Amino acid sequence: MKKKWLFTPGPTPIPPEASLAMAQPIDYHRSADTVALIKDVLEKLKHVFQTENDVLFLTSSGTGGMEGAVANLLSRGDKVVVIRSGKFGERWSEICTAFGVEVIPIDVTYGNSVDPQTVGRLLTEHPDVKAVYATLCETSTGALHDIEALAGLTRVRPTLLVVDAVSALGADDLQMDNWGVDVVVSCSQKGLMTPPGLAFAALNQRAWNAIEHSDLPKYYLDYRKAYESGLEGSVPYTPAVTLLTALQCALDRICAEGIRNTIARHSRLATATRSAVKALGLPLFAVSPANTLTSIRLPTEIDGKAFLKLMLDKYGITYAGGQSQLSGKIVRIAHLGWMNENDVIVAISAFERGLAEIGYDIPLGAGVTAAQEAFAR
Ligand code: PMP
């Protein structure tokens with residue numbers, strides 16, 4: 001079997017003990033062991049979410065968690081502000097529109113992050129806005145949004161702040177309780193080092209109060225059912241038991257490292273990757289880049305799709321390409337989840353070789369040297 005490396009912003013590599021846990025015989029989802037497993041996992045997730053609020057889980061990908069954060073919080077005809085700076089901000093607005101919610105969009109040029117003052121102005125103009133839907137790391141561009149500043153605006157108003165931390169949870173800082181974020185949504189296959197298939201949401205009391213009044217249709221993604229069952233270590237429907245066993249191992253790693261250290265590690269990996277890209281003379285795509293991934297604008301003479309194909313076919317390396325309008329124009333290198341400094345060196349050295357091979361004149365080794373120097377600092 002060919003050796004492969006995964007540098008995509010989800011799925012991310014799985015630690016060996018998590019893979020081994022999934023190879024154990026499957027358990028009944030109402031067994032005492034599974035009840036204990038669910039309780040343990042939900043408790044440990046609080047540490048990762050940096051909250052005292054309970055966390056709920058759904059058997060779905062991250063988008064199921066997002067849809068739940070619309071269907072459970074809002075009512076028909078509600079008005080919301082959606083920050084759209086890429087594919088995933090756009091997804092918030094597509095979900096809201098599908099549910100008949102009025103969207104006031106804030107369109108941000110791809111690669112940029114929202115200016116909190118723009119959000120503040122809109123909230124003053126529209127005091128009846130029920131919620132602001134934001135994204136911690138807009139994975140399609142690599143941009144980080146200033147959620148702390150947005151929370152400063154919403155927590156003094158009756159407006160909720162709902163944050164998609166699907167990719168960035170555990171990599172970029174998100175202090176749910178300290179900052180006063182109302183809802184945080186995430187999933188298993190990114191910073192949480194578990195295969196795809198689980199979504200998570202943490203809600204504070206303000207958000208639970210809004211749920212009391214919501215009249216949008218919901219069934220499988222009913223947050224209240226998931227939450228109430230979770231408190232008992234139970235589930236309304238058969239969950240992805242196997243994934244929960246992997247998640248427990250991954251959470252043990254994060255809890256042992258400590259979430260603040262986990263975020264600091266991601267920050268070091270991101271800093272070194274950015275230094276490497278700069279040393280290669282290539283521009284970063286995001287103006288305020290996240291710790292989750294680094295997006296690199298490719299020189300126009302490079303065919304991004306051909307480059308990614310070469311990297312996979314010849315080197316077994318998967319980076320992510322650009323989505324929709326960015327297709328073929330950017331490369332996204334994730335340094336997310338079960339990653340350390342050596343992984344970054346592999347990602348950068350392969351990147352250099354691939355670029356050289358495709359005919360781009362770069363100083364071979366310059367990126368690796370810059371990354372090594374960043375790590376040494
Ligand atoms: N939001 C963000 C920021 C993401 O990165 C992703 C996945 N790339 C999603 C939402 C959607 O998650 P999923 O594909 O698990 O439904």
Side-chain angles (χ1 to χ4, degrees), residues 6-14 45 48-49 56-71 82-96 98 108 110-114 132-147 150 161-174 181 183-202 220-221 239-240 243 246-247 250 266 270 285-286 288-295 318-324 326-327 330-337 339:
L6 195 55
F7 295 112
T8 57
T12 62
I14 311 298
L45 280 168
V48 185
F49 277 75
L56 62 85
F57 81 98
L58 305 165
T59 295
S60 80
S61 78
T63 305
M66 294 173 75
E67 179 163 332
V70 172
V82 176
I83 297 159
R84 303 195 298 203
S85 66
K87 286 280 291 175
F88 298 106
E90 286 160 13
R91 185 162 302 175
W92 273 136
S93 93
E94 286 161 13
I95 298 170
C96 288
V108 178
Y110 277 28
N112 287 58
S113 307
V114 74
V132 174
Y133 284 82
T135 313
L136 176 56
C137 166
E138 176 46 77
T139 323
S140 63
T141 67
L144 183 73
H145 288 275
D146 188 349
I147 298 301
L150 299 183
L161 178 61
V162 184
V163 177
D164 165 355
V166 166
S167 62
L169 189 79
D172 284 286
D173 201 11
L174 180 56
V181 178
V183 181
V184 177
V185 176
S186 195
C187 76
S188 52
Q189 79 268 22
K190 297 177 189 256
L192 290 176
M193 308 177 281
T194 299
L198 296 173
F200 313 106
Y220 187 72
L221 302 178
L243 299 185
L247 178 65
H266 283 88
F285 185 71
S288 300
N291 291 339
T292 305
L293 77 160
T294 299
S295 295
T318 306
Y319 306 120
Q323 295 168 284
S324 45
L326 295 175
S327 177
I330 63 169
V331 168
R332 296 176 297 147
I333 302 181
H335 18 74
L336 178 59
M339 293 266 168

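Remember, predicted model here, so these are calculated numbers, not experimental data. Numbering of ligands and ligand atoms starts at 1, following listing order.
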Residue part near ligand 1, for [X], under 4.0 Å between non-hydrogen atoms:
X: Ser140; result: neither
X: Thr63; result: both
X: Arg91; result: side chain

ask   = Donor-acceptor pair, Ser288 side chain versus Ala143 backbone, under 3.5 Å?
value = no

ask   = Under 3.5 Å, side chain of Ser186 to main-chain N/O of Ala165, donor-acceptor pair present?
value = yes

inquiry  = Run the side-chain contact (heavy atoms from CB on, under 4.5 Å) test on Tyr220 and Glu67 for me, step by step, so that the C-alpha distance in whole Å, both residues' side-chain angles and the decisive distance to 0.1 Å come before the verdict.
reply    = CA-CA 11 Å; Tyr220 187 72; Glu67 179 163 332; over 6 Å; no

With heavy-atom distances below 4.0 Å as the criterion, list the atoms of ligand 1 near [X].
X: Met66; answer: 10 (C)
X: Phe88; answer: 1 (N), 2 (C), 3 (C), 4 (C), 5 (O), 6 (C), 7 (C), 8 (N), 9 (C), 10 (C), 11 (C)
X: Cys137; answer: 3 (C)

query = Should Thr135 be counted as touching ligand 1, given the test is an N or O pair under 3.5 Å?
reply = no

ask   = Which is it for Asp164 and Trp92 under the side-chain contact (heavy atoms from CB on, under 4.5 Å) test, yes or no, and what are the steps along the way?
value = CA-CA 9 Å; Asp164 165 355; Trp92 273 136; 3.6 Å; yes

Looking only at protein heavy atoms, which one is nearest to [atom], and how far off is it?
atom: atom 1 (N) of ligand 1; result: Asp164 OD2, 2.6 Å
atom: atom 3 (C) of ligand 1; result: Thr139 OG1, 3.1 Å
atom: atom 8 (N) of ligand 1; result: Lys190 NZ, 2.7 Å

message = On a heavy-atom basis, I'd like to know which of Ser61, Ser167, Pro9 is closest to atom 13 (P) of ligand 1.
response = Ser61

inquiry  = If we check side chain to side chain contact (heavy atoms under 4.5 Å, CB included) with Ser61, which of these qualifies: Leu58, Thr63, Thr59?
reply    = Thr63

key: side-chain contact (heavy atoms from CB on, under 4.5 Å) between Cys137 and Leu293, intermediate numbers included   = CA-CA 9 Å; Cys137 166; Leu293 77 160; 3.5 Å; yes

inquiry  = Could you tell me if the side chain of Ile83 sits less than 4.5 Å from the side chain of Val132, heavy atoms only?
reply    = yes

inquiry  = Which residues pass the salt bridge (charged side-chain N to carboxylate O under 4.0 Å, His left out) test with Arg84, not counting sequence neighbours?
reply    = Asp107

